[in-house]
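After the structure tokens below, expect a handful of questions from me.
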Amino acid sequence: MRKTKKLTLALSVMFLVTALAACGPQVADPTPAPGTSPGIDLLTPAPGATATPVFGPASTPNPAATATSTFMTPAPSATPTATAQASAETGSMSPETEKSYASVVKKADIVLMGKFTKTLREDNSTRDPSDVKKPSTKYMSGVKVYLFRVDTVLKGSVKLKEVEIALDYSEQNLLDKKPATINPNYMEPNFDDTVILPLFYDPDLKWYINDQGIEPQRFVVRDDQVVFQSVHVDTKSVWDTVKPISLAEFKTVCKNNK
């Protein structure tokens with residue numbers, strides 16, 4: 001009986017010590033056992049893993065959710081191309097069709113009657129902004145230059161008997177090296193025709209040119225009648241319904257629209 005009590009007491013003491021040890025503070029061993037992790041490190045990710053900030057979302061956003069800064073990246077249409085800038089300046093490829101002899105004469109600074117006599121050269125009517133004596137190296141407004149015999153000055157003041165006439169022929173952006181666009185309104189002159197031309201004088205290049213896109217750009221005098229001339233022979237025009245007038249009547253129109 002005494003041995004049984006001693007054995008029971010010893011077992012109770014051992015259980016109490018074990019329980020106290022389990023409930024007391026524990027000190028972590030700074031040296032991990034072989035093959036085990038040293039613990040959680042909030043700064044250094046495990047090999048092959050992506051670090052995620054503790055106080056915010058992942059540092060690499062979803063590509064579909066990436067926003068484009070409107071201050072750093074302009075819209076595609078925000079920067080005009082060289083072709084668009086030059087086309088806005090010339091306007092020669094989109095002529096405005098006048099609806100009467102009077103409107104053609106009124107719009108032009110000079111109206112000449114005479115004949116084309118000689119082909120002179122091809123040139124560029126768009127000039128270098130820093131030196132108008134030099135052609136532009138960025139944009140080509142191609143013109144064909146002809147010698148013109150002046151028979152009658154119907155409007156304006158021209159003292160020479162022969163002048164240079166520049167006819168719009170093509171346009172090309174020299175920076176992108178694409179082929180030139182031929183002006184669909186260009187008409188090769190017939191040296192046998194007596195023609196009337198609405199024109200403007202270019203003091204820098206010393207030639208006369210219809211650079212304001214007046215259409216019709218040319219009238220032909222036939223049997224004392226002034227008839228409009230167009231390269232678009234198969235295209236209907238408001239001028240199909242305009243009755244030709246006599247040369248005397250046309251001169252009166254010019255006199256009334258100085």
Side-chain angles (χ1 to χ4, degrees), residues 79-98 103-191 193 195-219 229 231 254 257-258:
T79 303
T81 62
T83 303
Q85 290 173 328
S87 296
E89 294 174 357
T90 59
S92 60
M93 301 293 274
S94 301
E96 177 184 353
T97 301
E98 303 302 322
S103 61
V104 171
V105 173
K106 186 175 182 179
K107 190 171 183 179
D109 286 346
I110 297 167
V111 179
L112 300 180
M113 183 172 70
K115 285 187 175 184
F116 290 98
T117 59
K118 184 179 181 181
T119 302
L120 297 178
R121 65 187 181 279
E122 293 188 13
D123 210 329
N124 184 2
S125 64
T126 299
R127 313 308 288 179
D128 187 331
S130 61
D131 186 356
V132 295
K133 294 181 180 179
K134 298 179 181 179
S136 171
T137 58
K138 297 180 179 180
Y139 194 80
M140 165 70 79
S141 295
V143 295
K144 290 189 176 183
V145 185
Y146 298 88
L147 191 64
F148 186 82
R149 188 190 74 207
V150 180
D151 294 335
T152 307
V153 179
L154 298 171
K155 180 181 179 180
S157 178
V158 177
K159 297 180 180 180
L160 300 176
K161 291 298 182 180
E162 287 187 323
V163 296
E164 291 187 357
I165 303 290
L167 301 181
D168 288 320
Y169 177 69
S170 64
E171 292 187 3
Q172 182 180 19
N173 184 343
L174 300 176
L175 298 180
D176 61 18
K177 299 181 180 180
K178 292 182 179 180
T181 300
I182 303 302
N183 189 334
N185 302 298
Y186 169 76
M187 289 188 292
E188 192 78 31
N190 185 336
F191 292 168
D193 286 341
V195 297
I196 295 174
L197 306 175
L199 299 165
F200 302 88
Y201 180 63
D202 189 323
D204 295 321
L205 300 175
K206 311 297 183 184
W207 64 33
Y208 295 83
I209 185 172
N210 179 7
D211 59 358
Q212 301 299 315
I214 298 177
E215 182 71 25
Q217 58 183 292
R218 191 181 307 170
F219 296 97
Q229 190 175 41
V231 69
C254 292
N257 290 277
K258 292 291 187 180

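All values derive from a computational prediction rather than experimental measurement.
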Which distance, rounded to the nearest 0.5 Å, do you find between the CG of D204 and the CG of D131?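 Answer for the CG-CG pair, D204 versus D131, is 10.0 Å.
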Looking at residues at least two apart in the chain, or sitting in another chain, which of them share a ring-ring contact (aromatic ring centres under 6.0 Å, His included) with F116?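 For F116, the residues satisfying ring-ring contact (aromatic ring centres under 6.0 Å, His included) (neighbours in sequence not counted) are Y146, F148.
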So, taking the atom named CG in L175 and the one named OG1 in T137, what distance separates them when rounded to the nearest 0.5 Å?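 If we round to the nearest 0.5 Å, L175:CG and T137:OG1 are 7.5 Å apart.
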Where do D123 and M140 come nearest, in terms of heavy atoms and distance?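 Minimum heavy-atom contact is O-SD, 4.1 Å.
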Parallel, tilted or perpendicular: ring planes of Y169 versus Y186, cut at 30 and 60 degrees: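 Taking Y186 first and then Y169, their aromatic rings stand perpendicular (interplane angle over 60°).
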Carefully, step by step, assess R218 and L167 under the rule side-chain contact (heavy atoms from CB on, under 4.5 Å). CA-CA 11 Å; R218 191 181 307 170; L167 301 181; 3.5 Å; yes
Under 6.0 Å from the NZ atom of K106, do we count more than 12 heavy atoms belonging to anything else shown?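 Not buried by this count: 12 neighbours or fewer within 6.0 Å.
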Find the distance between CG (L197) and CG (L154) and round it off to the nearest 0.5 Å.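 Separation between the atoms: 10.0 Å.
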Would you name the heavy atoms of P216 and E98 that are closest together and state the gap between them?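 Here P216 and E98 meet closest at CD-O, 4.5 Å.
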Indicate whether any N or O donor in one side chain lies under 3.5 Å from an N or O acceptor in the other, for S136 and T126.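 No pair is found: no donor N or O on one side chain lies under 3.5 Å from an acceptor on the other.
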Which atom of Y208 lies closest to which atom of L199, heavy atoms considered: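 Between these two residues, the closest heavy atoms are CB-CD1, 3.9 Å.
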Give, for atom CG of D211 and atom OG of S125, the distance between the pair rounded to the nearest 0.5 Å.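 It is 7.5 Å, given to the nearest 0.5 Å.
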Separation of I182 CD1 from E171 CD (nearest 0.5 Å):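 So the gap between those two atoms works out to 10.5 Å.
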Hey, could you give me each pair passing side-chain hydrogen bond (donor to acceptor under 3.5 Å, both in side chains) that has a residue in residues 153-167? Not counting sequence neighbours.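 Listed by first then second residue: R121-E164.
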How close do P198 and V111 get, counting heavy atoms only, and between which atoms?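 Residues P198 and V111, closest heavy atoms: CA-CG2, 4.4 Å.
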Using only atom types and a distance under 3.5 Å, with no angle test, would you say the side chain of K206 pairs donor to acceptor with the backbone of P203?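 Yes, K206 side chain to P203 backbone: donor-acceptor pair under 3.5 Å.
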Minimum heavy-atom separation for Q229 to D193, with atom names?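 That would be NE2-OD2, 4.1 Å.
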If only atom types and distance count, is the side chain of T152 paired as donor or acceptor with the main-chain N or O of M113 below 3.5 Å?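 A pair under 3.5 Å: no.
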Does F191 have any ring-ring contact (aromatic ring centres under 6.0 Å, His included) partners at least two apart in sequence or in another chain, and if so, which?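 None.
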Can you see which heavy atom on V105 is nearest to which on C254, and at what distance?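 For V105 and C254, the tightest heavy-atom pair comes out as CG1-CA, 3.7 Å.
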Is there a donor-acceptor pair under 3.5 Å between the side chain of D176 and the backbone N or O of K178?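 At least one qualifying donor-acceptor pair exists.
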